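Report on the structure given below.
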Amino acid sequence: MPAAREPEVIRDKAAMRAWSRRRRAEGKTVAVVPTMGYLHDGHLSLISTAAAADNPVAIVVTIYVNPSQFAPSEDLATYPSDFAGDLRKLASTGVVDAVFNPVDLYHRGTRRLAVASGGGAVSCLEEDGDGHETWVRVERLEKGLCGDSRPVFFRGVATIVSKLFNIIEPDVAVFGKKDYQQWRLICRMVRDLDFAIEIIGSEIVREADGLAMSSRNVHLSREEREKALSISRSLVDARTAALKGNTDCTQIKNKIVQTVTETGGEVDYVEIVEQESLAPVEKIDVPVVICVAAWFGKVRLIDNIEIDARS
């Protein structure tokens, strides 16, 4: 295991860009792992993936809670944070070279939240006046799944990731596949906008009992956490059923909803979609992913499992 070493903390955009260009001039591959902080083993696994590059690699971890992906009714104000703890965890890996932790990545206007015309959703960023107004949209992949219940989320994600890519100019970026729709959306954005960046999807990291690791898990009570295990259990059961020949998506989805609901969860959605297009399917005869979002108490959790019943 590499010896612990402190990463350089960079907060200025120009300094971050200059740092990356120096590393590339040294012949290194620049890899970025975007996060919103409150790091756990799932995040550290993304760093391990970045460190596995064949060439000498300079790893940048971003820690920035992006306001534009939160609607005013969502949990921006209570999103967990522990920057000092995050730095200790990153230092312990021995492979992180820099942490990009800007104060704010948006131009601010009059600092008054705009009221959406026609009753549409607004984010925690939108303001009147001459503030930030440029958005990146991945128009089809942002629809459905989490896009239905979080209508500003993927616009905010695509915009902030584009900004990070423009600032850091990485060769490689690593995203967790727990946020499956986000990962596919970023892949499509990179393809469509000709970013010269390799996007790597890293597998879901789970607790010993199967719960997908998430920064929001800290808000679960002990009882809610135990109930939340119904998500991962139902996904494993669904995959087993599909591989044994039950490929009817309606039956599979209904069983997952029943399992999660009976344990006290409030289901946001259960969908079975083709892996790249995220288009819903009625029968599992192509590679699919089953995606679940459910509330336990005040915590919204997401999880998924990939299935290829042809293999």
Side-chain angles (χ1 to χ4, degrees), residues 32 34-36 46 62 64-76 79 105-106 113-114 116-127 131-166 173-195 197-202 204 212 214-216 249 253 267-281 286-295 300-306:
V32 63
T35 83
M36 294 206 301
L46 304 182
T62 72
Y64 181 68
V65 180
N66 174 36
S68 73
Q69 68 194 56
F70 292 82
S73 61
E74 294 178 339
D75 61 346
L76 174 63
Y79 196 85
L105 285 179
Y106 295 93
L113 193 65
S117 59
V122 296
S123 75
C124 286
L125 176 76
E126 288 170 304
E127 298 161 341
H132 179 96
E133 61 175 316
T134 303
W135 301 101
V136 179
R137 304 295 293 261
V138 184
E139 292 188 350
R140 187 173 53 76
L141 288 184
E142 72 175 28
K143 294 181 172 69
L145 302 174
C146 287
D148 284 344
S149 58
R150 304 191 69 189
V152 302
F153 178 72
F154 289 115
R155 185 191 69 171
V157 167
T159 300
I160 194 62
V161 171
S162 294
K163 288 170 72 68
L164 291 172
F165 286 173
N166 284 329
V174 184
F175 291 84
K177 289 168 72 173
K178 183 177 78 72
D179 299 286
Y180 199 90
Q181 186 177 14
Q182 172 178 280
W183 168 55
R184 289 297 189 187
L185 180 139
I186 296 302
C187 290
R188 187 65 50 85
M189 180 189 78
V190 164
R191 183 200 73 177
D192 290 352
L193 297 184
D194 297 308
F195 282 104
I197 302 170
E198 178 187 1
I199 304 298
I200 298 175
S202 188
I204 296 174
S214 169
S215 297
R216 289 184 170 94
C249 291
K253 289 192 293 184
V267 173
D268 184 351
Y269 65 77
V270 176
E271 295 291 347
I272 303 178
V273 298
E274 194 274 329
Q275 289 182 9
E276 290 194 23
S277 69
L278 304 185
V281 298
V286 295
V288 302
V289 56
I290 305 178
C291 298
V292 177
W295 291 87
R300 183 179 181 273
L301 301 177
I302 61 172
D303 202 347
N304 67 77
I305 195 166
E306 292 178 309

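As the structure is a prediction and not an experimental result, all values here were calculated from the model.
Listed for the R150 side chain is no donor-acceptor partner under 3.5 Å among the backbone atoms of E74. Under a 3.5 Å cut-off, the side chain of E198 and the backbone N or O of V174 do not form any donor-acceptor pair. No donor-acceptor distance shorter than 3.5 angstrom exists from the side chain of E142 to the backbone of R137, with no hydrogens or angles considered. Side chain of E306 to main chain of P287: no donor-acceptor pair is present (N/O by atom type, distance under 3.5 Å, no hydrogens or angles). Put simply, the side chain of S123 never gets that close to the backbone of A71: no donor and acceptor are under 3.5 Å apart.
When each of D192, V157, T159 is paired with V136, the side chain to side chain contact (heavy atoms under 4.5 Å, CB included) condition holds for T159 and for no other. Of the residues listed (K178, K177, R184, Q182), the one engaging Y180 in a side chain to side chain donor-acceptor pair (under 3.5 Å) is R184, and it is the only one.
Summarising the geometry of S68 relative to G156, their closest heavy-atom pair is OG-CA, 3.2 Å, with the distance given to 0.1 Å. Shortest non-hydrogen contact noted between T35 and T62 is OG1-O, 2.7 Å. Across all non-hydrogen atoms, the minimal contact from L76 to F70 is N-CD2, 3.4 Å.
W135 and Y106 have tilted rings, their planes meeting at an angle from 30° to 60° on a 0 to 90° scale.
For R216, the salt bridge (Lys or Arg N to Asp or Glu O under 4.0 Å) criterion is met by D75, not counting sequence neighbours. For D303, the salt bridge (Lys or Arg N to Asp or Glu O under 4.0 Å) criterion is met by R206, not counting sequence neighbours. For C291, the side-chain contact (heavy atoms from CB on, under 4.5 Å) criterion is met by L145, Y269, V289, N304, not counting sequence neighbours. Applying the salt bridge (Lys or Arg N to Asp or Glu O under 4.0 Å) criterion to D148, with sequence neighbours excluded, gives no partner residue. With sequence neighbours excluded, no residue forms a salt bridge (Lys or Arg N to Asp or Glu O under 4.0 Å) with E276. Listed by chain and residue number, nothing satisfies the side chain to side chain donor-acceptor pair (under 3.5 Å) test with Q275 (two or more places apart in sequence, or in another chain).
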Let me see the working for S149 and R300 under side-chain hydrogen bond (donor to acceptor under 3.5 Å, both in side chains), right down to the final yes or no.
CA-CA 11 Å; S149 58; R300 183 179 181 273; 3.2 Å; yes
Quick one, L105 with I160, criterion side chain to side chain contact (heavy atoms under 4.5 Å, CB included). Give me CA distance, side-chain angles, the key distance, then yes/no.
CA-CA 8 Å; L105 285 179; I160 194 62; 3.8 Å; yes
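Note that the CG atom of L141 and the CH2 atom of W183 stand 11.5 Å from one another [nearest 0.5 Å]. Taken from NE2 in H132 to NZ in K163, the straight-line distance is 6.0 Å, to the nearest 0.5 Å. From I199, atom CD1 reaches atom CG of L185 across 11.0 Å, with rounding to the nearest 0.5 Å. To the nearest 0.5 Å, the span separating CG on N66 from CG on L125 amounts to 8.0 Å. The CD1 atom of I200 sits 10.0 Å away from the SG atom of C187 when rounded to the nearest 0.5 Å.
Salt-bridge formation is detected for the pair R155/E126: a Lys NZ or Arg NE/NH1/NH2 atom is positioned less than 4.0 Å from an Asp or Glu carboxylate oxygen.
Residues K253 and I272 form a side-chain contact, since some pair of their non-hydrogen atoms from C-beta on lies under 4.5 Å apart. Proximity of P34 to F175: side-chain heavy atoms (C-beta onward) are separated by under 4.5 Å at one or more points. Side chains of Y64 and L164 form no contact here, defined as non-hydrogen atoms less than 4.5 Å apart. The shortest side-chain heavy-atom distance between F165 and M189 falls under the 4.5 Å cut-off. Counting heavy atoms from C-beta on, the side chains of V152 and Q69 never come closer than 4.5 Å. Taking 4.5 Å as the limit, every side-chain heavy atom of I302 sits out of range of all side-chain heavy atoms of V292.
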